[in-house]
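Okay, structure first, notes after.
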Amino acid sequence: MNNPRNLMVGNWKMNGSLAANASLLADILAGLAQVHCRTALCVPSVYLSQLQTLLAGTAIELGAQDVSAHESGAYTGEVSADMLRDFSVRYCVVGHSERRQFHAESDGVVAIKVQRALAAGITPIVCVGETLAERQAGLTEAVVRRQMAAVIHANGHCISEIVVAYEPVWAIGTGLTATPEQAQQVHAVLRAQLQAATAQAERVSILYGGSMNADNAAQLLAQPDVDGGLVGGAALNAHEFLSMLKAASR
Ligand code: PEP
């Protein structure tokens, strides 16, 4: 592995079953010998126990898709960071646009969730990204900078311990992908913002997410500030996911 920031993360979203997970994972593990990038799978909470068992002793790390903003208590349905840690969770997606959009998660809530994850020793994968309307209005940079600023403000010097995922909302699950140049432009903005916040910014992986697939991964990953990918739909197909992992193995 040449670039220590290389990281590929599969986000299974609300997909899978005990049987389907075992079969998908067996196919991924069978092809892992040629993969040389850090890899993680973020799975639904109810399958963390299953995946903890199946991933033990493999090179793939376990991730969750969300974490509660609360430490513990009367928050029915919520899963705390410490609970995730009980299942050896290494990463947790925080602030995915589907959470911001369908669960009204504000920048402030996302920032607190990042704090909770870090306090439990879990690396938050912080998602930022603009909607199509915001891009068309020329607001892309302002939106991602605002989303990042809330996380930086709440997390101080710990900010070098996060992973960032730039996920343009208009590209998620739509088949539309940012061009490598569009991705690089935003990644560079985020990199500069992190550099202004911490002397350790070089540690932070900045992933691209949004209809990344086996056909476009290599070009996106060739950009200097694209360290890896957060992959939704294409991570549900072992063959496709493996070819993306190979593209990231540089
Ligand atoms: C995601 O869910 O984070 C994502 C990027 O999804 P997709 O790859 O399906 O666009």
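Ligands are counted one by one from 1 in listed order, and the atoms in each one are counted from 1 as well. Atoms considered below: every heavy atom in the structure, side chains included; atoms not considered: hydrogens, waters and symmetry mates.
Contacts between C127 and ligand 1 below 4.0 angstrom, taking non-hydrogen atoms only, are absent altogether. Residue contacts with ligand 1, taken as heavy atom pairs separated by less than 4.0 Å, involve N11 solely via side-chain atoms from C-beta onward.
Using modelled atom types and a 3.5 Å distance limit, the side chains of T123 and R90 yield a donor-acceptor pair. No hydrogens or angles considered: nothing links the side chains of E161 and Q200 as a donor-acceptor pair under 3.5 Å. N21 and Q50 form a side-chain donor-acceptor contact under 3.5 Å, judged by distance and modelled atom types alone. Of the N and O atoms on the side chains of T131 and E134, at least one donor lies less than 3.5 Å from an acceptor on the other residue.
Interatomic distance, Y47 OH to L18 CG, rounded to the nearest 0.5 Å: 5.5 Å.
Sorted by first and then second residue, the ring-ring contact (aromatic ring centres under 6.0 Å, His included) pairs with a member in residues 132-186 read Y166-H187; sequence neighbours excluded.
With respect to atom 1 (C) of ligand 1, the closest heavy atom belonging to the protein is H96 NE2, 3.2 Å. With hydrogens left out, the protein atom closest to atom 8 (O) of ligand 1 is G232 N, 2.8 Å, a heavy atom. Nearest protein heavy-atom contact of atom 3 (O) of ligand 1 is E167 OE2, 2.7 Å. With hydrogens left out, the protein atom closest to atom 9 (O) of ligand 1 is G233 N, 2.9 Å, a heavy atom. The shortest contact between atom 2 (O) of ligand 1 and any protein heavy atom is with K13 CE, 2.6 Å.
Taking every heavy atom of both residues into account, V204 and I159 meet most closely at CG2-O, 3.9 Å.
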Output a table of donor-acceptor pairs, distance under 3.5 Å, between side-chain atoms of residues 141-152 and any protein atom two or more places apart or on a different chain; print 'none' if there are none.
| unit_1 | atom_1 | unit_2 | atom_2 | d |
| --- | --- | --- | --- | --- |
| R146 | NE | D107 | OD2 | 2.7 |
| R146 | NH2 | D107 | OD2 | 3.4 |
| Q147 | OE1 | G129 | N | 2.8 |

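At least one heavy atom of G210 sits less than 4.0 Å from an atom of ligand 1.
Atom numbering of ligand 1 starts at 1 in the shown order; those under 4.0 Å from a heavy atom of A171 are 10 (O). Near L230, meaning under 4.0 Å from any of its heavy atoms, are these atoms of ligand 1: 3 (O), 5 (C). Under a 4.0 Å criterion applied to the non-hydrogen atoms of G173, ligand 1 contributes the atoms 7 (P), 9 (O), 10 (O).
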